[in-house]
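Scroll down for the structure; my scribbles are underneath it.
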Amino acid sequence: MDPFQLEMQCVLSTGGEHSRKMGLLQLLKSQFICHLIICYVFLVSGLIINLLQLCTLPLWLLSKQLARRVNVRLAYCISSQMVAALEWWSGTECTLYTDPESYPLYGNENAIVVMNHSFEIDFLCGWTFCERFGVLGSSKVLAKKELAYVPVIGWMWYFLEIVFCKRRWEEDRTTVAHSLQNLQDYPENFWFLLFCEGTRLTPKKHQVSMQVAESKGLPKLKYHLLPRTKGFWITVQNLRGTAAAVYDSTLNFRNNETPTLLGILNGKKYHADLYVRRIPLELIPEDEAECAAWLHKLYQEKDSFQEQYTQTGRFPGPIVSPPCRPWSLINWLFWSCLLLYPLGLLLAQLIISGSILTIVTSVALCSAASLGVRWMIGQTEIDKGSNYGNKEVPLNNN
Ligand SMILES: CC/C=C\C/C=C\C/C=C\C/C=C\C/C=C\C/C=C/CCC(=O)SCCNC(=O)CCNC(=O)[C@H](O)C(C)(C)COP(=O)(O)OP(=O)(O)OC[C@H]1O[C@@H](n2cnc3c(N)ncnc32)[C@H](O)[C@@H]1OP(=O)(O)O
Ligand SMILES: CCCCCCCCCCCCCCCC(=O)OC[C@@H](O)COP(=O)(O)O
C-alpha cells in the first residue's frame, strides 16, 4: 500500500470515529429542547434589551451621540446571537472573495452595501461579515415597514435609526430621505444594506420583473429581479459625503444549497460565498437617470458573476476571508447563563409545588412564546413572503 493510500485509509478510519461523533452532535442539534433553549435566550434577552433601549430615551435629550453608542452595543447583544447561531451552532462557512487592497478599508469607513436578495438567510450572512469587521451593532438597512413591528429585531432597529420604507415611492421619497440625512452625523462606522430588488427572488416575481425589463428595453437578468433604482439613487444622494463607497456584494451558496433559518436552528451547515467589489461613491453619477442606468449595468454585471459561479463554483478574484471572532459566542454564553439559571429554578419550583393551574398557565405561556418565535422565523421564509413585485404596477401609480 503506497503512502497515499495509507494516508487515506488513516483518514477514513479515524474519519469513521469522527463521523460517528459528528452524527451524535448533529442529532443533539436537531433536538427541539435545544431550539427551545436558543429561542428562549434570544426572546427573553431581546425583550430585556429592548426595555434597556427604551430606558435610553431620556439620554437622547442629554447626548444623542452617547445614546447612539449605547444602542449600538445593546443591539449587538441581539444580532450577535443570530450570528452565533450561524457561525458556531450551525458551523456555516462564509467565504469572502474581494480585492486585497480594499480589505483594510472594510469596517473602517461608512459604506452602502448593495446585495442580491435571493436567500432566506442572506441578511444573516451579511451580519456575519458585519461581525467580523466590527460593525455589527451599527449595521443598518432599508427595510420594509412591516419589519418594524417584529418584536426584538424590529424594535431594536427603531433605536438604531434604521430606515423603513412602505415600498410606495410617493411616500418613501421624503421619509427615506429624512431618515438617511439623520445618519449623516452617526458616531460609529456603519454599513447601510440595500436589497435593490426590493423583495426576495421567486420564479413568479422574476417573470413579472423580466416583462418590465422587456418593456423598458433593458437586458433580461437570469439570477436577479430588475433593481428598483429610485431607492438606490436617493440613498447615494443622501449619504454622499457620509459613506465613502458602495460595496457591491454578490452572494451564493455552494452545491445549490437553499439555506433557511430553521436549518440553522437545526445545526445544518451551509457554505456561503460572497463576492464584494468596493466602488468609491464618486464613481456613481449624481443625475437620477444616469444613476439608474449605472445600477442597471451593475446588476447586469452581478448576473454575470452568478453565471460564472454557476459554471465554476467560485466568484472572480482572490479569497480574503476574515476570521471568525469569539465575541458573538461569548455574548450568547453570557445571556444563557444569566437566563437559564432562573428558568431552572422556576421549573423546579413549578414541578415541586406548582398547582395544576400554574402548570397549565406556564405551558400556555411557553406555547404562545414558541408560536411567536415561529412567526418571527416565518418573516424570513420566502414562501410566506409579500405580494410586492408579483404584478407589474402601472407606471402612473408609482
Ligand atoms: C465586506 C462585506 C460586505 C458586505 C456585507 C453584506 C451585508 C452587510 C451589511 C449590512 C447588514 C445590515 C442588516 C442586515 C439585517 C437585516 C436585513 C433585513 C432585511 C430586510 C430588507 C427589506 O425589507 S427589503 C424590502 C425593502 N427595501 C427595498 O424595497 C429597497 C429597494 N426598493 C427601492 O429602493 C424602491 O425604489 C422604493 C422602496 C424606494 C420605492 O419602491 P416603489 O415600488 O414604490 O417604487 P419604484 O419606483 O422603486 O418601483 C417602480 C419602478 O420599478 C420598475 N419595476 C421593476 N420591476 C417591477 C415590477 N415587478 N413591478 C412594478 N414595477 C417594477 C417600474 O417600472 C418603475 O421603474 P421606474 O423606471 O419608473 O423607476
Ligand atoms: C438565535 C436564533 C433565534 C431564532 C429566532 C429569530 C427570529 C428573528 C427573525 C427576524 C428577522 C428579520 C429580518 C428579515 C429579513 C428579510 O428577509 O425580510 C424580507 C424582506 O427583505 C422582503 O420581504 P418580501 O417582500 O416578503 O420578500
Side-chain angles (χ1 to χ4, degrees), residues 35 38-39 41-43 46 79 81-86 89 96 98 102-103 106-107 111 113 115 117 119-130 132-133 135-136 139-147 150-154 157 162-173 176 190-202 205 208-213 215-216 225-235 247-249 251 261 264-265 274 276 278 289 292 322 332 373-382 384-395 397-398:
H35 309 158
I38 291 172
C39 293
V41 172
F42 177 82
L43 189 63
S79 46
Q81 289 190 45
M82 293 189 74
V83 171
L86 184 95
W89 181 252
L96 178 62
T98 194
S102 301
Y103 186 92
Y106 298 155
V113 177
M115 189 151 86
H117 207 6
F119 303 97
E120 291 188 3
I121 62 162
D122 45 23
F123 73 97
L124 198 45
C125 297
W127 264 350
T128 284
F129 285 106
C130 287
R132 298 188 190 187
F133 287 105
V135 291
L136 178 60
S139 61
K140 306 195 184 307
V141 60
L142 177 56
K144 62 181 183 182
K145 184 68 180 171
E146 295 87 333
L147 294 175
V150 176
V152 181
I153 297 281
W157 276 343
I162 289 281
V163 181
F164 290 106
C165 65
K166 293 183 178 175
R167 297 191 285 194
R168 285 194 297 277
W169 179 241
E170 60 280 2
E171 295 178 59
D172 291 335
R173 65 185 312 155
V176 169
F190 66 86
W191 290 350
F192 185 86
L193 175 59
L194 199 51
F195 288 119
C196 293
E197 294 156 282
T199 184
R200 268 86 52 92
L201 178 71
T202 66
K205 293 185 179 184
V208 173
S209 186
M210 289 311 104
Q211 286 165 358
V212 174
S215 69
K216 289 170 178 275
L225 300 178
L226 206 61
R228 310 290 179 123
T229 59
K230 297 190 185 74
F232 175 75
W233 171 70
I234 203 167
T235 299
Y247 293 174
D248 169 41
S249 305
L251 176 73
L261 192 52
I264 297 291
L265 215 48
L274 186 74
V276 177
R278 180 181 181 276
W332 187 82
V373 172
R374 183 64 191 87
W375 175 79
M376 286 163 67
I377 293 173
Q379 295 304 306
T380 67
E381 293 168 351
I382 295 178
K384 294 177 182 160
S386 75
N387 245 335
Y388 180 77
N390 259 335
K391 61 184 182 310
E392 186 178 343
V393 175
L395 283 184
N397 279 13
N398 281 311

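Residues: numbered from 1 along the sequence shown. FYI, side chains are in, hydrogens and waters are out, and symmetry mates aren't considered; it's all heavy atoms of this structure. Remember, it's 1-based here, ligands and their atoms both numbered in the order they're listed. Computed from a prediction, not measured in an experiment: that's the story for all the values here.
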Checklist entry - Any N or O of Thr199 that comes nearer than 3.5 Å to an N or O of ligand 1? => result no
Checklist entry - Any idea which part of Lys391 is under 4.0 Å from ligand 1, heavy-atom wise: side chain, backbone, both or neither? => result backbone
Checklist entry - Are any of the N or O atoms of Asp122 closer than 3.5 Å to those of ligand 2? => result no
Next on the checklist: Test of understanding: given a 4.0 Å heavy-atom threshold, classify the contact between Lys144 and ligand 2 as side chain, backbone, both, or neither.
Outcome noted: side chain
Checklist entry - Of all the atoms in ligand 2, which lie at a distance below 4.0 Å from a heavy atom belonging to Gly385? => result 26 (O)
Checklist entry - Should one rank Asp248, Leu147, Leu251 by closest heavy-atom distance to atom 20 (C) of ligand 1, which comes out on top? => result Leu147
Next on the checklist: Heavy-atom distances under 4.0 Å decide this one: backbone, side chain, both or neither, for Tyr106 against ligand 1?
Outcome noted: side chain
Checklist entry - Looking only at protein heavy atoms, which one is nearest to atom 15 (C) of ligand 2, and how far off is it? => result Phe123 CD2, 3.9 Å
Next on the checklist: Applying a heavy-atom cut-off of 4.0 Å, say which part of Cys196 lies close to ligand 1: side chain, backbone, both or neither.
Outcome noted: backbone
Next on the checklist: Looking at non-hydrogen atoms alone, which of Ile121, Ile377, Thr380 comes nearest to atom 14 (C) of ligand 2?
Outcome noted: Thr380
Checklist entry - Can you find an N or O of Gly231 that's nearer than 3.5 Å to an N or O of ligand 1? => result yes
Checklist entry - Do ligand 2 and Thr199 have nitrogen or oxygen atoms that lie under 3.5 Å from each other? => result yes
Item to check | Reference residue Tyr247; test ring-ring contact (aromatic ring centres under 6.0 Å, His included); the match among Phe192, Tyr106, Phe133, Phe129 | outcome: Tyr106
Checklist entry - Should Lys140 be listed as contacting ligand 1, given a heavy-atom distance under 4.0 Å as the test? => result yes
Next on the checklist: Quick check on contacts: which atoms of ligand 1 are under 4.0 angstrom from a heavy atom of Ser249?
Outcome noted: 3 (C), 4 (C)
Checklist entry - Out of Trp233, Phe133, Phe195, whose heavy atom is nearest to atom 30 (C) of ligand 1? => result Phe195
Checklist entry - Is there a heavy atom of Phe192 sitting under 4.0 angstrom from any atom of ligand 1? => result no
Checklist entry - Against heavy atoms of Tyr388, which atoms of ligand 1 measure under 4.0 Å? => result 41 (O), 42 (P), 43 (O)
Checklist entry - For ligand 1, which atoms sit closer than 4.0 Å to a heavy atom of Val212? => result 54 (N), 55 (C), 57 (C), 58 (C), 65 (O)
Checklist entry - Considering only the protein, which heavy-atom contact is closest to atom 7 (C) of ligand 2, and what is its distance? => result Met376 CB, 3.9 Å
Next on the checklist: Would the distance check show the side chain of Arg200 and the main-chain N or O of Phe119 forming a donor-acceptor pair, the cut-off being under 3.5 Å?
Outcome noted: no
Item to check | Identity and distance of the protein heavy atom lying nearest atom 3 (C) of ligand 2 | outcome: Phe42 CG, 3.7 Å
Checklist outcome for this item: Out of Arg278, Lys230, Arg167, the nearest non-hydrogen contact to atom 46 (P) of ligand 1 is supplied by Lys230
Item to check | Ligand-residue contact atoms, ligand 2 with Arg167, heavy atoms, under 4.0 Å | outcome: 25 (O)
Next on the checklist: Polar contacts were defined as any N/O atom of the residue lying under 3.5 Å from an N/O atom of the ligand; does this apply to Trp157 and ligand 1?
Outcome noted: no
Item to check | Residue, atom name and distance, where the atom is the protein heavy atom closest to atom 22 (C) of ligand 2 | outcome: Arg200 NE, 3.6 Å
Checklist entry - Out of Pro227, Gly389, Ala289, Gly198, whose heavy atom sits nearest atom 25 (C) of ligand 1? => result Gly198
Checklist entry - Of the listed options (Phe190, Trp127, Phe123), which comes nearest to atom 13 (C) of ligand 1 when hydrogens are ignored and any heavy atom counts? => result Trp127
Next on the checklist: Test of understanding: given a 4.0 Å heavy-atom threshold, classify the contact between Lys205 and ligand 1 as side chain, backbone, both, or neither.
Outcome noted: neither
Item to check | Nearest-neighbour protein heavy atom for atom 26 (O) of ligand 2, which is reported as residue plus atom name and distance | outcome: Ser386 N, 2.7 Å
Checklist entry - Would you say Leu142 touches ligand 1, if touching means a heavy atom closer than 4.0 Å? => result yes
Checklist entry - So, is Lys216 polar-close to ligand 1, with some N/O to N/O distance under 3.5 Å? => result yes
Checklist entry - How far is atom 18 (O) of ligand 2 from its nearest protein heavy atom, and which residue and atom is that? => result Leu147 CD1, 3.8 Å
Item to check | Side-chain ion pair, Arg374 and Glu381, N-O less than 4.0 Å | outcome: yes
Item to check | Pairwise distance SG(Cys196) to CG(Leu225) - rounded to 0.5 angstrom | outcome: 11.5 Å
Item to check | 4.5 Å side-chain heavy-atom contact, Leu193 and Lys140 | outcome: no
Next on the checklist: If you define the side chain from C-beta out and look only at heavy atoms, does anything of Lys144 sit under 4.5 Å from Phe164?
Outcome noted: no
Next on the checklist: Only heavy atoms of Lys144, strictly under 4.0 Å: list the atoms of ligand 1 that pass.
Outcome noted: 22 (C), 23 (O), 26 (C)
Checklist outcome for this item: re atom 2 (C) of ligand 2, the protein heavy-atom contact at minimum distance is Ile38 CG2, 4.0 Å
Next on the checklist: Taking distance alone, with N or O pairs closer than 3.5 Å, would you say Trp191 contacts ligand 1?
Outcome noted: no
Next on the checklist: Using a 4.0 Å cutoff against the non-hydrogen atoms of Ser139, which atoms of ligand 1 qualify?
Outcome noted: 12 (C)
Checklist entry - Quick one: does ligand 2 sit under 4.0 Å from the side chain of His117, the backbone, both or neither, non-hydrogen atoms only? => result side chain
